[in-house]
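Some notes on the structure that comes next.
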Number of protein chains: 2
Amino acid sequence: MKEFRRLQIKLTPQRLAILNFLRGNKSHPSAEDIYKAVLKHYPTMSFATVYNTLEALKSKHRVKELKIDSGKKRYDPDTTKHHHILCVKCKKILDLHTDFKLDVPEELTHGFELIGNSIEFYGLCRKCRKRH
Amino acid sequence: MKEFRRLQIKLTPQRLAILNFLRGNKSHPSAEDIYKAVLKHYPTMSFATVYNTLEALKSKHRVKELKIDSGKKRYDPDTTKHHHILCVKCKKILDLHTDFKLDVPEELTHGFELIGNSIEFYGLCRKCRKRH
DNA sequence: TTATTAATTAATAATTATTATTAACTGATT
DNA sequence: AATCAGTTAATAATAATTATTAATTAATAA
C-alpha cells in the first residue's frame, strides 16, 4: 500500500505480513520471534526474508535495532525517542518514555561527531521479583 | 599474584596473560581481540580459556561486558562508572567520563526493580570523518 | 494490458560468536 | 609428595546472522 510506496521499497505480501506484525507491537521481538509469528499466517516465510525486510525497514527508519539484549538483536517499530528497561532474568523489554538531557562537553568527545545515543536500564520485572 | 588470590579464582599463566593484556587497556577488545593478542605470547591459549577467564573476571566485577557493538561483545577492564562512544564506521570505542543523572519516576518503571543503566553515544571518529 | 526489468524470495550454505563437553592437566592444600 | 578440585584446551554443538543464487514477482514503461 501507499505506506510502502512512501518507503520506496517494493510491496510484497511477506513484507506486509512482517509490517503488520510489527505495527503497534510493544514486545521488542527478535528476528526469530518475528519469523515464528509471521510463519503462522504465511507458511512459506523464510528467515532470510525476515532479515531482508528488517534491513529495509531499518534503512528507512521504520524500525529500530536494539542492542540491549546481548547475543541477539531485538527490534522496535516505535522509532520515537524513548528508552528501555530490560529484565535481566526473563529478557522482557519495556518502554521508558522520558526525556533525559545528555549534554556532552565538547572537550570529552575525542573529536567525535555525535550522531545519537541510547540509554538502557536493567532490572527485575515484577514477575521475576516475585519468583525470587 | 595476590591480585588473583583476592579474586578467589586460581592463578594460572593463561589468566595472568589475559589480565596483563587487559590491565589499563583502553581499546575495549572483543574476545577475539584478546585471544589473538594473548596468543602471540602464549601460543597454546584457547578460545575457551578466553571466554572462561572473561566469565570469571566478570563475575568478580573485574571486567565489564559492553553491548554497544552489535554482533559481538566487547570487554572493558575499567569498571568505574563511565560511558562510551562508538564510531559507527570503524567500531572504535572511547570512554566518556562524565556523570549523567538519570532519575526515573517511579510511575514509569512498570514495577521493575532497577539495578543499573548504561548510556552509549554513537558517532563518527575524527579519522572516519576525514575519510568522508 | 502486457512485456520488461530490476528487486525480492526462499532454499541453502557459510560465517561468526558463543557455549558446552570432557579428558588431561596443574595449582593449591594437606 | 599426594590428593583433589578447579582449569585448560581440543573439539563439538549451538545460535544468530549474513551470503549466494536460481526462481519468482512487483513496479514501470510501452
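First the proteins, then the strands, lettered A, B, ... as listed; each starts at 1.
- Counting to the nearest Å, the C1' atom of dA17(C) and the NZ atom of Lys67(A) are 16 Å from each other.
- Atoms CD1 and OG, on Ile68(A) and Ser70(B) in that order, are 14.0 Å from each other to the nearest 0.5 Å.
- Rotation axes derived from the C1' atoms of the five outermost pairs at either end of the helix from dT1(C)-dA30(D) to dT30(C)-dA1(D) lie 30° apart, to the nearest 10°.
- Separating the NZ atom of Lys73(A) from the C1' atom of dA15(D) is a distance of 13 Å, rounded to the nearest angstrom.
- Taking every heavy atom of residues 31-41 of chain B and every atom of DNA chain D, no pair lies under 4.0 Å.
- For the 3.5 Å distance criterion, the side chains of Asn52(A) and Thr49(A) fail to qualify, holding no donor opposite an acceptor.
- In this entry the distance linking CD of Glu55(B) with C1' of dA20(C) reads 13 Å, nearest Å.
- Contact annotation: the side chain of Val50(B) approaches that of Met45(B) to within less than 4.5 Å [non-hydrogen atoms, C-beta and beyond].
- Using modelled atom types, no side-chain atom of His110(B) and backbone atom of Arg126(A) make a donor-acceptor pair closer than 3.5 Å.
- One interatomic measurement links the two molecules: NZ of Lys91(B) to P of dT16(C), which rounds to 15 Å at whole-angstrom precision.
- Straight-line distance from the CG atom of Leu66(A) to the P atom of dT17(D): 12 Å, rounded to whole Å.
- Other residues, nucleotides and ligands place no more than 12 heavy atoms under 6.0 Å from the NZ atom of Lys36(A).
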Q: Give the B/S/- string for nucleotides 1-12 of chain D, one per nucleotide from 5' to 3', where a protein heavy atom under 4.0 Å of the base yields B, of only the sugar-phosphate yields S, and otherwise -.
A: ----BBSBBB--
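- Between Leu54(A) atom CG and dT8(C) atom C1' the separation is 15 Å, expressed in whole Å.
- Note on Tyr51(B): a side-chain N or O is less than 4.0 Å away from OP1 or OP2 of dT18(C).
- The aromatic rings of Phe47(B) and Tyr51(B) sit parallel to each other, their planes meeting at less than 30°, with 60° as the upper class boundary.
- As rounded to whole Å, 15 Å separates atom P of dA15(D) from atom CG of Asp69(A).
- Remark: side-chain polar atoms of Lys64(A) are not paired, donor with acceptor, to backbone N or O of His61(A) under 3.5 angstrom.
- A donor-acceptor distance shorter than 3.5 angstrom exists from the side chain of His28(B) to the backbone of Lys26(B), with no hydrogens or angles considered.
- The backbone N or O of His97(A) sits nowhere less than 3.5 Å from a side-chain atom of Asp95(A) that would complete a donor-acceptor pair.
- Relative orientation of the Phe100(B) and His83(B) rings is tilted, given thresholds of 30° and 60° on the angle between their planes.
- Annotation: side chain of Leu19(A) is not in contact with side chain of Phe21(A) (no heavy-atom distance under 4.5 Å).
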